[in-house]
Novice: 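Please see the structure below; I have some questions.
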Amino acid sequence: MAVATGQRALDAIWEKVELNERLDFEDGLVLMESDDLLQLGELADEARRRRGGTDEVYFVQNLYLNQTNVCRVKCKFCAFAVTQKQGDAYTYTPAEMVEDAVAQRELSRFTEIHMVGGENPHVDFEYYVDIIRSLHEALPDVHLKCFTASEIHHMTKLSGLSHEEVLVQLKEAGLGSLPGGGAEVFADRVRRLIAPGKEHPDFWFHTHRTAHGLGIPTHCTMLYGHVETYEERVDHLLRLREQQDETGGFLAFIPLAFHPENTVFERRGWTFTPGSDDLKMIAVSRLLLDNIANVKAYWIMMGLPLAQVALHFGANDVQGTVVREQIFHAAGAVTETEQKIDELVRVVRAAGRIPVQRDTLYNEVQRWNGAVA
Ligand code: SF4
């Protein structure tokens, strides 16, 4: 597709941003193809502020859990999944998960459990309901943000139930929201290359649409930096925007940088995404997704120093304390697996912003006003 490039094209986008006009596919391509990183950051921050964004930067105190690493799907980008027969395979029982979470709660007052895992064919749907019910009973004040749309789809296969029936049962058991994983890149071409065993993206949208209809808020993501083109990135973002127009249930968008270590792509010589691409993704996401309030700079993948810079490229959330991230560390992430609140506060303040600890639904828990200490 021929797209006008250069400063004239960016000037036209500036005008649209100043008038609060919606950007289109061609605008998205111009932004993706621009090498003027600082201007992209300035544009994204301007757009964020014109849509009501403030100096507040959010984070949540959370705990990451993975119920199983056994998975039938074999996505080519995944370094986390194993088969049941591999020595490092694990599938925790609901009782083990509760014991672990309760012990962790003694150490940190997390308000959210973020839990995802493999699509294990050796468990039944009741296993998932039991986990949610048990965690909810043990920690009733903790928000359970659990299971990707792919896992929900897997549960329909295990149970013969519809997506709605699965979600209703999980909600009744205590599920609070869905994370955004499993989206990868929606384009069929990309899907065939990196995740041929995964269900069609229509199921991802169906699951999120159904969740929103049931009053279950969700998150959305894109795994970028592998075989996708700029056109496919923009297409992905605009499909999310369209869904949000329809249902309004996405709390945040999280761009996820692809990590190649321990995947087939590492053997082909692939490396990590450059920081410039990470910042570009944050900026373009913020500009195109005019109806999703929050864009996260996911420090687990980009590192805390770059996440701090990303706060000037349209991001307004640095995710959370996390505690024990495993999926991206299996793929070579060299970041910490946990951040202390003090460190997140320090980093946000040093960026000239106001740290606000939130719960999963963006209600304020605590804020740090005043000058940097
Ligand atoms: S990304 Fe998820 S679905 Fe794909 S192989 Fe890994 S655990 Fe399984």
Side-chain angles (χ1 to χ4, degrees), residues 62-98 100-101 113-132 134-135 144-161 163 166-167 169-170 173 175 177-185 191 194-201 203-204 207-208 218-219 221 223 226 254 256 258-266 298 300-301 322-333 337:
N62 55 2
L63 172 71
Y64 272 38
L65 295 178
N66 305 113
Q67 74 277 12
T68 179
N69 63 350
V70 175
C71 186
R72 57 167 192 91
V73 185
K74 299 187 173 57
C75 299
K76 292 185 181 166
F77 59 82
C78 181
F80 167 76
V82 298
T83 64
Q84 178 94 316
K85 290 190 179 138
Q86 285 178 254
D88 51 351
Y90 64 79
T91 301
Y92 296 120
T93 64
E96 286 170 329
M97 307 242 15
V98 167
D100 185 19
I113 289 178
H114 169 113
M115 177 169 57
V116 296
E119 297 186 24
N120 187 337
H122 309 287
V123 297
D124 56 16
F125 175 48
E126 206 44 44
Y127 168 73
Y128 293 97
V129 178
D130 271 357
I131 289 180
I132 295 294
S134 309
L135 285 172
L144 301 178
K145 173 185 156 205
C146 306
F147 309 136
T148 66
S150 294
E151 290 178 274
I152 300 294
H153 186 66
H154 176 58
M155 292 175 212
T156 68
K157 298 288 170 204
L158 291 174
S159 64
L161 298 172
H163 294 75
V166 163
L167 286 165
Q169 286 202 33
L170 291 172
L175 179 78
S177 64
L178 297 184
E184 324 314 355
V185 170
R191 244 7 211 216
I194 66 164
K198 201 161 242 179
E199 69 284 350
H200 193 272
F203 287 109
W204 190 95
T207 302
H208 283 263
T218 72
H219 303 75
T221 61
L223 182 74
H226 40 85
I254 310 107
L256 302 171
F258 172 57
H259 278 39
E261 253 179 49
N262 304 318
T263 74
V264 294
F265 295 105
E266 184 188 25
Y298 203 48
I300 296 150
M301 310 182 93
V322 173
V323 185
R324 282 196 322 207
E325 198 287 325
Q326 290 185 30
I327 293 179
F328 291 107
H329 285 82
T337 58

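These figures come from a predicted structure and were not determined experimentally.
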Novice: Kindly say whether V116 contributes a backbone atom to a donor-acceptor pair with the side chain of N66 at under 3.5 angstrom?
Specialist: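 Flag set: sc N66 to bb V116 pair under 3.5 Å.
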Novice: Assess whether salt bridge (Lys or Arg N to Asp or Glu O under 4.0 Å) is satisfied between K198 and E184, documenting all intermediate values.
Specialist: CA-CA 10 Å; K198 201 161 242 179; E184 324 314 355; 2.5 Å; yes
Novice: Working to the nearest 0.5 Å, report the span between CG of L167 and CG of L161.
Specialist: 10.5 Å
Novice: Do you know which two heavy atoms are closest between C78 and A81, and how far apart they sit?
Specialist: SG-N, 3.4 Å
Novice: Side chains of Q67 and E96: any donor to acceptor distance under 3.5 Å?
Specialist: no
Novice: For V70 versus P121, what's the shortest heavy-atom pair and its separation?
Specialist: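 What the structure gives for the nearest pair is CG1-CD, 4.3 Å.
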Novice: Tell me, do H219 and S177 make a side-chain contact under 4.5 Å, heavy atoms counted?
Specialist: yes
Novice: Given side chains that start at C-beta, do those of T83 and Q86 come closer than 4.5 Å, heavy atoms only?
Specialist: yes
Novice: With a 4.5 Å cut-off on side-chain heavy atoms, are K145 and I113 touching?
Specialist: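 No - every pair of side-chain heavy atoms lies 4.5 Å or more apart.
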Novice: What verdict does the side chain to side chain contact (heavy atoms under 4.5 Å, CB included) test give for Y127 and N120, after you've listed the backbone C-alpha separation in whole Å, the side-chain angles of each residue and the deciding distance to 0.1 Å?
Specialist: CA-CA 11 Å; Y127 168 73; N120 187 337; over 6 Å; no
Novice: For M155, is there any backbone N or O sitting under 3.5 Å from a side-chain donor or acceptor partner on D124?
Specialist: no
Novice: Nearest heavy-atom pair of G180 and T221: which atoms, and what distance?
Specialist: O-OG1, 2.7 Å
Novice: Take the angle between the ring planes of F203 and H153 and call it parallel below 30°, perpendicular above 60°, tilted in between.
Specialist: tilted
Novice: When rounded to the nearest 0.5 angstrom, what is the spacing between OG1 in T263 and CD1 in I194?
Specialist: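 So the gap between those two atoms works out to 10.5 Å.
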Novice: What closest approach, in Å, do E151 and G117 show between heavy atoms, and which atom pair accounts for it?
Specialist: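 Nearest pair, atom of E151 first, then G117: OE2-N, 3.1 Å.
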Novice: Going from CZ on F77 to NE2 on H226, what distance comes out if it is rounded to the nearest 0.5 angstrom?
Specialist: 7.5 Å
Novice: Using a 4.5 Å cut-off on heavy atoms from C-beta on, say whether the side chain of L256 contacts that of I254.
Specialist: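 Yes, at least one pair of side-chain atoms sits under 4.5 Å.
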Novice: Could you go step by step and tell me if V185 and R191 meet the side chain to side chain contact (heavy atoms under 4.5 Å, CB included) rule?
Specialist: CA-CA 7 Å; V185 170; R191 244 7 211 216; over 6 Å; no
Novice: With no hydrogens and no angle check, just 3.5 Å: does a side-chain donor-acceptor pair link S150 and E199?
Specialist: yes
Novice: Within a strict 4.5 Å, meaning less than it, do heavy atoms of the Y64 and M115 side chains meet?
Specialist: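 Counting from C-beta outward, Y64 and M115 never come under 4.5 Å.
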Novice: How many angstroms lie between atom NE2 of H114 and atom CG of L144, to the nearest 0.5 angstrom?
Specialist: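 If we round to the nearest 0.5 Å, H114:NE2 and L144:CG are 12.5 Å apart.
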Novice: How close do G118 and Y128 get, heavy atom to heavy atom, and via which atoms?
Specialist: O-OH, 3.9 Å
Novice: Is it true that a side-chain atom of N69 and a backbone atom of Y90 form a donor plus acceptor pair closer than 3.5 Å?
Specialist: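 Judged by distance alone, yes, a pair lies under 3.5 Å.
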Novice: Search all heavy atoms of G181 against all heavy atoms of T148 and return the closest pair with its distance.
Specialist: O-CB, 3.4 Å
Novice: With rounding to the nearest 0.5 Å, note down the distance linking CG in L135 to CD1 in I131.
Specialist: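 One gets 7.0 Å once the value is rounded to the nearest 0.5 Å.
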Novice: Return the SG to CG distance between C146 and L65, rounded to the nearest 0.5 Å.
Specialist: 8.0 Å
Novice: Check the pair L178, T207 against side chain to side chain contact (heavy atoms under 4.5 Å, CB included), reporting the backbone distance first and the verdict last.
Specialist: CA-CA 10 Å; L178 297 184; T207 302; 4.1 Å; yes
Novice: Could you walk me through whether Y92 and T68 pass side chain to side chain contact (heavy atoms under 4.5 Å, CB included), step by step?
Specialist: CA-CA 6 Å; Y92 296 120; T68 179; over 6 Å; no
Novice: Do any N or O atoms from the side chain of S159 and from the backbone of F125 form a donor-acceptor pair under 3.5 angstrom?
Specialist: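 No; judged by distance alone, with no hydrogens or angles, the pair does not exist.
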Novice: Are the side chain of H208 and the backbone of T218 linked by a donor-acceptor contact shorter than 3.5 Å?
Specialist: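 No, H208 side chain to T218 backbone: no donor-acceptor pair under 3.5 Å.
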